[in-house]
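Whatever order the structure lists ligands and atoms in, that order sets their numbers, starting from 1.
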Amino acid sequence: MKQYILEQLESAIISLKKEGVIPESVSPRLNLDRTKDKAHGDFSTNLAMMLAKPAQKNPRELAQIICDALPPSEQITKVDIAGPGFINFFVNNAVVAQQLETALQDTHLGFIPPTSKTIVVDYSSPNLAKEMHVGHLRSSIIGDAMVRTLRFADHHVIKQNHVGDWGTQFGMLLAYMEELRQQDQTSEDQELADLEKFYRAAKVRFDESKDFADRARQLVVALQSGDTYCNQLWQEFNQVSLAHCQEVYQSLGVLLQPEDVRGESFYNDMLPKLRDELKEKGLLKQDQGAQCVFLDEFKNKEGDALPIIIEKAGGGFPYAATDLAALSYRARDLQADRIMYVVDMRQSLHFQQIFRLAKLSGLVQEQVQLEHLGFGTMNGQDGKPFKTRSGGTIKLVDLIEEAKARAYTLVKQKNPHHSESELQEIARVVGISSVKYADLSKHRTSDYIFNFEQMLSFEGNTAPYLLYALTRVSNILSKASTQDFSHTAMDMTNEYELELGNKLLQFSECITRVIEKGTPHTLCTYLYELAGLFSRFYEFCPVLNLEDDALRQSRLQLLSLTAKILQQGLDLLGLETLERM
Ligand code: ARG
């Protein structure tokens with residue numbers, strides 16, 4: 001409907017331009033908002049106020065002229081002018097009912113997929129030297145919700161897990177692995193089972209023994225020059241680390257698979273060529289022995305241009321160089337139309353720099369959309385980055401276990417008679433969904449405080465609230481007879497139906513927004529509001545025990561679409577759902 005009214009407005013503008021009322025040169029941004037108060041209709045625009053000046057008219061007068069220029073329409077019952085010159089549209093309820101019927105039959109539930117694009121999503125991307133910790137939670141969860149939503153919109157999505165599998169710290173790890181192996185295989189296996197400990201132990205050895213440190217350095221050089229033995233060792237280490245990641249993805253329901261891994265090492269061979277390409281274009285400058293690019297738009301506080309280091313003094317290619325190679329690979333080889341990076345906001349300058357350089361150097365064509373979907377930090381109760389009591393980083397596996405255990409206690413209190421296995425399963429779904437939803441529902445760019453009690457609450461904008469709402473709708477639907485669904489005509493008879501119905505029709509706009517802006521939290525807010533409107537509807541509108549067949553069937557269809565959209569929305573967020581709780 002929103003799209004429809006926008007088109008009506010556009011056609012009014014075109015005809016007013018022809019008549020000379022509005023100058024040809026202005027191309028106004030069309031704002032059309034849903035009204036909060038239904039007394040002001042369903043949609044409202046400030047168009048007349050924006051165009052008043054160029055048209056040299058007072059806004060209310062211009063509003064009337066625009067209204068008169070709107071093409072006749074059956075879908076709009078009334079157009080009003082209000083306040084300083086707002087134009088308010090009242091939608092025909094029969095049309096709402098019709099659109100709901102169509103959405104109910106549609107696999108995309110009323111959403112019209114845009115032109116399909118190839119979209120690369122870089123997410124999760126942990127460093128393999130260590131175990132995944134809470135810092136990787138946000139990227140994995142937000143990235144996954146984006147992937148699911150883009151796929152729903154029929155885009156061709158390529159997941160990329162840009163793991164950190166290269167760099168000097170691997171020398172230390174390989175040296176330690178070698179040392180343990182010389183002792184015996186079992187201790188090596190045991191220590192690798194906990195990568196955090198392994199990393200710390202290797203660091204201790206590195207700091208305490210000169211021989212060890214020398215060996216570590218030797219191994220880095222050997223690794224870089226393609227030495228077979230060293231490569232073998234490195235691959236074994238990475239496999240163990242990747243298996244840890246894969247376990248986490250699996251328990252979180254994150255779609256990433258081993259074949260999505262394209263780590264930093266993958267771009268190694270491309271780096272010298274990349275440097276040469278930048279050099280040929282005259283972009284490189286030597287600075288203290290390093291090969292750098294200086295872009296005018298990036299300066300420090302003192303006003304000096306900041307370097308993007310392409311090759312370090314003494315050789316070696318840093319993070320930025322690898323990321324440029326990855327950009328070029330994604331644009332040229334993967335043929336991406338759009339590339340999204342779901343990475344901590346603290347890397348925002350890095351991405352601004354490499355995006356600019358990629359375009360400037362022609363590594364990536366101008367029309368390719370490059371986006372950094374930055375996210376804020378997940379903090380503990382004290383407002384500081386989330387840590388264990390002893391100040392260590394919290395491992396994701398431990399966090400997931402705790403969520404499940406807490407959910408178990410809650411679910412058992414509520415349902416003491418469920419079987420043990422059912423309790424366990426509900427606790428798993430509730431625990432994991434709660435952690436994921438708490439993260440997804442916060443504005444992507446803000447920091448947030450991790451709070452188990454809040455996220456597991458059955459009230460407020462939480463996963464348990466939404467999962468429970470879905471079980472309630474499904475439960476009503478399961479009690480209806482099959483004949484009740486044979487009839488398709490819907491009727492909007494009161495405000496509760498209309499509000500719920502209108503919300504259901506906003507699903508399409510909501511998905512468009514998530515895709516354009518990369519903001520899964522807008523989908524969370526939408527689902528939360530939808531669940532609220534469902535509750536209100538159900539409080540005031542009887543369904544199953546209605547005598548009036550047509551009305552019962554109409555309401556059941558409304559609930560049917562509610563269930564479908566709730567289910568689909570939760571799927572897009574990567575949340576598992578339950579039949580009963
Ligand atoms: N490995 C990096 C980290 O843990 C994130 C990589 C993000 N992706 C990228 N293409 N730079 O901070």
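For the pair Arg428 (side chain) and Lys404 (backbone), a donor-acceptor distance under 3.5 Å is absent. Formation of a donor-acceptor pair under 3.5 Å by the His372 side chain with backbone atoms of Val343 is found in this model.
A salt bridge links Arg215 with Glu178; the closest basic N to acidic carboxylate O contact falls under 4.0 Å.
Relative orientation of the Phe198 and Phe237 rings is tilted, given thresholds of 30° and 60° on the angle between their planes. Ring pair Tyr526/Phe507 is tilted by interplanar angle, where 30° to 60° counts as tilted.
Close approach to His136 involves these atoms of ligand 1, each under 4.0 Å from a residue heavy atom: 4 (O). Each of the following atoms of ligand 1 lies closer than 4.0 Å to a heavy atom of Val343: 7 (C), 8 (N).
Nearest protein heavy-atom neighbour of atom 6 (C) of ligand 1: Tyr319 OH, 3.3 Å. Counting only heavy atoms of the protein, atom 2 (C) of ligand 1 lies nearest to Ser125 O, 3.5 Å. Of the protein's non-hydrogen atoms, the one nearest atom 8 (N) of ligand 1 is Asp122 OD1, 3.3 Å.
When heavy-atom distances to ligand 1 are checked against a 4.0 Å cut-off, Phe351 comes that close only through its side chain, counted from C-beta outward.
Where the criterion is an N or O separation shorter than 3.5 Å, residue side chain and backbone included, Gln347 meets it with respect to ligand 1. Not one N or O of Tyr341 is nearer than 3.5 Å to an N or O of ligand 1, by distance alone. The shortest N or O to N or O distance between Glu264 and ligand 1 is not under 3.5 Å. Backbone and side-chain nitrogen or oxygen atoms of Arg330 are examined, and none is located within less than 3.5 angstrom of a nitrogen or oxygen of ligand 1.
Tested against Met340, the residues Val147, Leu150, Leu370, Val120 include a single side-chain contact (heavy atoms from CB on, under 4.5 Å) partner, Leu150.
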Could you pull out all donor-acceptor pairs under 3.5 Å where a side-chain atom in residues 281-289 meets a protein atom, sequence neighbours excluded?
unit_1: Lys281; atom_1: NZ; unit_2: Ser361; atom_2: O; d: 3.0
unit_1: Gln286; atom_1: OE1; unit_2: Gln291; atom_2: NE2; d: 2.8

